[in-house]
> 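Here it is, the structure, as structure tokens.
We number each residue from 1, following the sequence as shown. Values below: every heavy atom of this structure, side chains too, minus hydrogens, waters and symmetry copies.
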Amino acid sequence: MPSIFFSFLLNSSPQWDRCAQYIDGGQDKWNELSNGKSSDQVVDVLLAEIAGVSIDELIKSDVFDGKGVGPEVPRYLKATGQVRNRRIGRGEANRLINGFWQYRTDSTDVLPLDECLFSYLVSINNGDETMAIEEGYNLEDACTRLDYEPLIHLFHQIISDEVDEKVFRYWMQIQATLTAALEQESQKGLVTTTVLGQVLQAILPSKPSDHIKVLLGVASSQGDLSHLLKPESEGQPSGFSLCLLEQTRQECSSFVQEIANALNNKSQISVADMKQVVLTLDPTKPAEELTALLSRGFAVSPQQISNEAAEVTTTVTKLLQRLNTGHVLRSGP
């Protein structure tokens, strides 16, 4: 794919008509695809070309076909007939996603994710369930089109039940703790990379030293270190925040791989044996975290882990699949 496409994405005032030479159908086709569209929508066209998918498929009609109302359809997408396609952009998608997470955090009701998302969409549409469903379809569509955006990608994985919600909650928790620590340090004077390194080591004692160095490198390019986690335009997480997320996912994967290596010759495992494996690898893991890990790995409630541990078994293959989609992080060094 010609590098001109990537330069367009970075140029604040791109000369869009120059794209015509790279589009099948030339200038006439380009005019048909781009006329009357916002910059975000034109970028969709370029991304389709980069990805090698049909532009005609990406630039969809003005409506979505409803997915029906069966039990397999998430609550926020239950609809028959047609739903208006507003082709929302990154900023609107981020606003909805950030608003949903705040709503879920503040909610006292423990609802399944799809029910909670529907409830949130109803709440921001003055109780109008039809508009909430329309919002749901447009958010789902944006998640598909903008899957390259880390915040949107993670949200879509979680809402699709591909990744544990705890991955996001841990990311938010670490950012809140780090923000408070940096604010406290800034009251003492200028926050330097040395101070930041000390704060990171205190908050994240199990984080590998090479990951700390990478974070300090990212921080040094962001100016004011006391505002490292401040969101950027359109609700985008900062580069430092995204680096924290990426590292946490890598660290989880590394720990699960250690567990897989320790279980190399086993096809079936019990809770009791798995407990010993984990504590051998991570001797200081708190009881609550150990229970959460076993609960996810064996797909049973924490209460069952506590009360019926000797009777619960699973295959190693299924256990590792579950752990790989969860928040399974080493607790000690």
Side-chain angles (χ1 to χ4, degrees), residues 64 66-80 83-86 88-147 149-177 231 234-237 241-242 245 248-249 252 288-289 291-293 295-296 299-304 322-328:
F64 302 107
K67 296 178 181 292
V69 295
E72 75 284 357
V73 180
R75 182 64 186 89
Y76 61 94
L77 296 177
K78 286 186 183 294
T80 56
V83 180
R84 182 171 59 133
N85 181 355
R86 303 202 321 268
I88 64 175
R90 182 181 71 173
E92 178 68 3
N94 282 338
R95 183 187 69 79
L96 289 170
I97 290 170
N98 288 326
F100 165 71
W101 286 124
Q102 188 61 56
Y103 178 85
R104 185 153 176 84
T105 299
D106 295 342
S107 178
T108 56
D109 295 328
V110 182
L111 294 172
L113 276 168
D114 68 318
E115 292 279 356
C116 187
L117 179 55
F118 176 69
S119 177
Y120 163 67
L121 295 175
V122 169
S123 74
I124 63 173
N125 282 282
N126 300 315
D128 188 330
E129 294 191 1
T130 300
M131 285 301 299
I133 293 294
E134 179 179 303
E135 203 95 73
Y137 270 82
N138 279 276
L139 179 57
E140 180 81 4
D141 175 65
C143 285
T144 301
R145 287 186 289 107
L146 305 172
D147 189 60
E149 296 284 357
L151 179 66
I152 294 173
H153 177 69
L154 178 60
F155 168 78
H156 201 210
Q157 284 184 309
I158 293 172
I159 205 71
S160 302
D161 201 29
E162 296 173 7
V163 169
D164 191 343
E165 183 181 351
K166 290 179 181 177
V167 171
F168 180 84
R169 289 188 177 276
Y170 177 81
W171 184 37
M172 292 295 101
Q173 172 198 328
I174 289 302
Q175 291 185 83
T177 303
E234 296 189 323
Q236 281 290 89
S241 173
L242 291 175
L245 173 62
T248 301
R249 299 301 299 276
C252 287
E288 184 178 351
E289 291 184 20
T291 297
L293 183 154
S295 175
R296 181 163 190 84
V300 296
S301 70
Q303 290 73 25
Q304 285 178 280
R322 294 170 188 141
L323 294 183
N324 268 316
T325 59
H327 175 71
V328 182

> For H156, give me all partners under ring pair (Phe, Tyr, Trp, His ring centres under 6.0 Å), at least two apart in sequence or on another chain.
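Ring pair (Phe, Tyr, Trp, His ring centres under 6.0 Å) list for H156, sorted by chain: empty.
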
> Answer yes or no: is there a donor N or O on one side and an acceptor on the other, between the side chain of S295 and the main chain of V300, under 3.5 Å?
yes

> Does a side chain donor of either S119 or Y103 reach within less than 3.5 Å of an acceptor in the other side chain?
yes

> Within the 4.5 Å heavy-atom criterion, are F155 and W101 side-chain neighbours or not?
yes

> Can any side-chain N or O of R95 pair as donor or acceptor with the backbone N or O of G235 at less than 3.5 Å?
no

> Quick check: does any side chain N or O of N94 sit under 3.5 Å from a backbone N or O of P237, one acting as donor and the other as acceptor?
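Between the backbone of P237 and the side chain of N94 there is no qualifying donor-acceptor contact (under 3.5 Å).
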
> With sequence neighbours left out, write down each residue that passes side chain to side chain contact (heavy atoms under 4.5 Å, CB included) with M172, or none if nothing qualifies.
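If we apply the side chain to side chain contact (heavy atoms under 4.5 Å, CB included) test to M172, skipping adjacent residues, the hits are F168, Q175.
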
> State the OG-CG distance between S123 and D128, to the nearest 0.5 angstrom.
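That separation rounds to 12.0 Å.
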
> Could you check whether any side-chain N or O of K67 sits under 3.5 Å from a backbone N or O of K78, counting only pairs where one atom can act as donor and the other as acceptor?
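No; zero donor-acceptor contacts below 3.5 Å.
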
> Can you give each donor-acceptor pair under 3.5 Å made by side-chain atoms of residues 108-118, sequence neighbours left out, with the distance rounded to 0.1 Å?
| unit_1 | atom_1 | unit_2 | atom_2 | d |
| --- | --- | --- | --- | --- |
| D114 | OD2 | R75 | N | 2.9 |

> Could you check Q157, E162, R296 and say which one makes a side-chain hydrogen bond (donor to acceptor under 3.5 Å, both in side chains) with T325?
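The residue from Q157, E162, R296 that satisfies side-chain hydrogen bond (donor to acceptor under 3.5 Å, both in side chains) with T325 turns out to be R296.
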
> Examine distances only and state if a side-chain atom of D141 and a backbone atom of Y137 form a donor-acceptor pair shorter than 3.5 Å.
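Answer holds: no.
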
> So do the side chains of L121 and F100 get within less than 4.5 Å of each other, counting heavy atoms only?
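Result no, sub-4.5 Å side-chain heavy-atom pair not found.
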
> Ignoring hydrogens and angles, tell me if any N or O in the side chain of R169 forms a donor-acceptor pair with the backbone of D164 under 3.5 Å.
no

> Give me the atom names and distance for the closest heavy-atom approach of A142 to I88.
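A142 and I88 have their closest heavy atoms at CB-CG1, 3.7 Å.
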
> Specify the closest pair of heavy atoms between P302 and T291, including all atoms of both residues, with the distance to one decimal.
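Of all heavy-atom pairs spanning P302 and T291, the closest is CB-CG2, 3.8 Å.
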
